[in-house]
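Chain letters run A, B, ... following the sequence lines, proteins first, then strands; residues in each count from 1.
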There are 2 protein chains.
Amino acid sequence: MIPPAPVGTPAAPDSDRCDVRHADPTRLAARRASLLPADAVVSLAETFKLLGDATRVRILDALSHGELCVCEIAALVDLSESAVSHQLRLLRGLRLVRPRRAGRLAYYTLDDQHIMSLFQQGLRHVQEPGNVESTS
Amino acid sequence: MIPPAPVGTPAAPDSDRCDVRHADPTRLAARRASLLPADAVVSLAETFKLLGDATRVRILDALSHGELCVCEIAALVDLSESAVSHQLRLLRGLRLVRPRRAGRLAYYTLDDQHIMSLFQQGLRHVQEPGNVESTS
DNA sequence: TGAACATATGAGCAGATGTTCATATGTCAT
DNA sequence: ATGACATATGAACATCTGCTCATATGTTCA
């Protein structure tokens with residue numbers, strides 16, 4: 001994994017790199033202590049990653065006004081029912097949606113109200129002046 | 001792109017699919033009208049996608065306590081400065097961070113306070129009982 | 001000026017992601 | 001039971017992503 005030690009590097013015993021030169025280590029140590037724990041970071045990233053796809057955003061947005069069955073969602077987001085089902089599986093995995101079976105239909109609902117707050121907050125960022133593609 | 005029209009489908013004139021059968025079209029039409037506009041969906045997804053990576057979450061988290069130069073960030077997230085620089089470029093692209101040059105150093109700051117609200121909100125979801133991997 | 005340094009960026013590559021296709025499971029109507 | 005239907009899922013495949021390596025740009029100091 002590790003490439004053949006770069007020539008001319010006389011065994012630096014520090015795990016860090018440039019901070020030992022121009023920054024004071026104490027500052028970094030303090031910063032390091034206030035970082036989010038690793039598992040929180042991973043969970044957070046997993047959640048955001050799931051929201052980071054236009055198809056899934058559309059699905060969640062569609063569900064925000066009430067439950068829908070799979071084929072209704074497929075019609076609304078204009079995608080195959082198979083593709084939608086795959087995405088719903090992912091969303092189910094992180095408990096963002098919840099199914100309710102009614103005969104052969106499966107109605108899905110948002111399972112967490114936080115998600116809509118997240119959307120609102122996200123839209124607020126997007127609509128911030130200057131944060132859109134069409135920056136003049 | 002479109003596969004050879006499925007045999008036995010007698011020219012359905014509807015753009016939808018199964019809703020014309022078991023759901024009333026009016027309901028779907030209403031839903032369709034209340035969907036987010038396409039560009040909002042895309043912007044939203046782009047933003048969340050950027051937040052959907054553990055490395056970038058760590059970078060933003062590190063910056064949440066104040067500005068840091070590239071090599072300090074690299075030290076904190078334990079990654080090469082090149083990798084960090086690449087990620088910072090993406091974050092800059094969506095105006096999530098902003099650089100300040102000081103000689104040969106580049107200090108980065110969070111450029112949008114909404115981001116931290118997004119993190120808080122996201123953490124609230126993650127910490128929801130039952131939304132963690134360690135579900136008993 | 002030239003060497004060391006901090007950062008930026010392009011190419012390349014391994015691994016992840018999202019869709020389609022085929023097929024499986026379970027439900028309803030006949 | 002049988003066929004039509006709604007959904008779920010696995011495999012395959014093209015695309016995207018994030019890292020590393022090499023290299024370019026711009027700064028500081030001698």
Side-chain angles (χ1 to χ4, degrees), chain A residues 1-10 12 16-23 42 45-46 48-59 67-75 77-93 97 99-108, chain B residues 1-4 6-10 12 16-23 45-46 48-59 67-75 77-93 97 99-108:
Chain A
M1 228 44 156
I2 298 175
V7 295
T9 302
D16 298 338
R17 196 63 63 80
C18 66
D19 54 356
V20 300
R21 288 195 297 273
H22 65 269
V42 169
E46 269 177 2
F48 283 131
K49 179 176 298 191
L50 214 61
L51 299 178
D53 175 84
T55 294
R56 289 190 292 267
V57 167
R58 281 204 286 279
I59 292 177
E67 69 174 10
L68 290 168
C69 75
V70 174
C71 70
E72 287 175 320
I73 299 174
V77 306
D78 193 37
L79 216 66
S80 78
E81 299 175 20
S82 174
V84 169
S85 190
H86 276 294
Q87 299 294 7
L88 286 170
R89 194 156 94 102
L90 295 178
L91 293 170
R92 245 161 42 216
V97 301
R100 168 179 79 85
R101 305 236 36 144
R104 48 187 160 186
L105 300 187
Y107 284 97
Y108 279 83
Chain B
M1 227 47 154
I2 299 175
V7 295
T9 302
D16 299 337
R17 196 64 63 79
C18 67
D19 53 355
V20 301
R21 287 195 296 272
H22 64 269
E46 270 177 0
F48 283 130
K49 179 175 299 189
L50 214 61
L51 299 178
D53 175 83
T55 294
R56 288 190 291 268
V57 167
R58 279 201 218 88
I59 291 177
E67 69 174 10
L68 290 168
C69 74
V70 175
C71 69
E72 287 175 321
I73 299 174
V77 305
D78 193 37
L79 217 65
S80 79
E81 297 176 20
S82 174
V84 170
S85 191
H86 276 294
Q87 299 295 5
L88 285 171
R89 193 155 95 102
L90 296 177
L91 294 171
R92 244 160 43 216
V97 302
R100 169 180 77 85
R101 304 236 36 144
R104 50 185 160 189
L105 299 186
Y107 284 96
Y108 279 83

Trainee: So, for A83(B) and S80(B), which heavy atoms are closest and what is the spacing to 0.1 Å?
Mentor: N-OG, 3.0 Å

Trainee: Show the distances under 3.5 angstrom between N or O atoms of the protein and N or O atoms of nucleotides 14-17 of chain C.
Mentor:
residue: dT17(C); atom: OP1; partner: K49(A); partner atom: NZ; Å: 3.4

Trainee: Could you check whether L79(B) gets within reach of a base, just the sugar-phosphate, or nothing at all, counting any heavy atom under 4.0 Å?
Mentor: sugar-phosphate

Trainee: In whole angstrom, what separates L88(B)'s CG from dT7(C)'s P?
Mentor: 10 Å

Trainee: What distance do H86(B) atom NE2 and E81(B) atom CD have between them, rounded to the nearest 0.5 Å?
Mentor: 12.5 Å

Trainee: Tell me: CZ of R92(A) to P of dT7(D), nearest whole Å?
Mentor: 12 Å

Trainee: Looking at dA6(D), I'd like to know if its phosphate oxygens (OP1 or OP2) sit under 4.0 Å from a side-chain N or O belonging to Y108(A).
Mentor: no

Trainee: Partner of dA30(D) by Watson-Crick or G-U wobble geometry, both contacts under 3.5 Å, or none?
Mentor: dT1(C)

Trainee: Within the 4.0 Å limit for protein heavy atoms, which parts of nucleotides 22-30 of chain D are touched? Write it as a string from 5' to 3', B for base, S for sugar-phosphate only, - for none.
Mentor: B----BS--

Trainee: Give the rounded distance in Å between these two atoms: CZ of R100(B) and P of dA6(C).
Mentor: 16 Å

Trainee: Please identify each residue that fulfils side-chain contact (heavy atoms from CB on, under 4.5 Å) with R89(B), with sequence neighbours left out.
Mentor: R92(B)

Trainee: With a cut-off of less than 4.0 Å, is there a side-chain N or O of Q87(B) near OP1 or OP2 of dT17(D)?
Mentor: no

Trainee: Could you state the CD-P distance from E81(B) to dT9(C), rounded to the nearest angstrom?
Mentor: 15 Å

Trainee: Reckon R89(A) has a side-chain N or O less than 4.0 Å from the OP1 or OP2 of dT7(D)?
Mentor: no

Trainee: Can you tell me the distance, in whole Å, between the CG atom of L105(A) and the C1' atom of dA29(C)?
Mentor: 14 Å

Trainee: Please list, one pair per line, the donor and acceptor atoms closer than 3.5 Å that link side chains of residues 49-56 of chain A to other protein atoms, with sequence neighbours excluded.
Mentor:
residue: D53(A); atom: OD2; partner: T55(A); partner atom: N; Å: 3.0
residue: D53(A); atom: OD2; partner: R56(A); partner atom: N; Å: 3.1
residue: R56(A); atom: NE; partner: L50(A); partner atom: O; Å: 2.6
residue: R56(A); atom: NH1; partner: Q87(A); partner atom: OE1; Å: 2.9
residue: R56(A); atom: NH2; partner: K49(A); partner atom: O; Å: 3.4

Trainee: Going by the rule side-chain contact (heavy atoms from CB on, under 4.5 Å), which residues pair with E67(B) if we only count those two or more places apart in sequence or in a different chain?
Mentor: R100(B), Y107(B), T109(B)

Trainee: What is the distance, to the nearest angstrom, from the CG atom on L90(B) to the P atom on dT17(D)?
Mentor: 9 Å

Trainee: Round to a whole Å and report the spacing from CD1 of I59(A) to P of dT7(D).
Mentor: 13 Å

Trainee: How long is the span from the CG atom in L88(A) to the OH atom in Y108(A), to the nearest 0.5 Å?
Mentor: 5.0 Å

Trainee: Under the side-chain contact (heavy atoms from CB on, under 4.5 Å) rule, collect the residues that match up with S85(B), sequence neighbours excluded.
Mentor: none

Trainee: Going from CZ on R104(B) to SG on C71(B), what distance comes out if it is rounded to the nearest 0.5 angstrom?
Mentor: 10.5 Å

Trainee: Which part of the nucleic acid does A83(A) contact within heavy-atom distance under 4.0 Å: base, sugar-phosphate only, or nothing?
Mentor: base

Trainee: Rounded to the nearest 0.5 Å, what's the gap from CG on L68(A) to CD1 on I59(A)? Could you check?
Mentor: 10.5 Å

Trainee: Quickly work out the L51(A) CG to dG18(C) P distance and round it to whole Å.
Mentor: 12 Å

Trainee: Side chain of S80(A) only, heavy atoms from C-beta on: which candidate in dT20(C), dT7(D), dA8(C) is closest?
Mentor: dT20(C)

Trainee: Give a yes or no on whether a donor-acceptor pair under 3.5 Å exists between the nucleobase atoms of dT20(C), that is its base, and the side chain of H86(A).
Mentor: yes

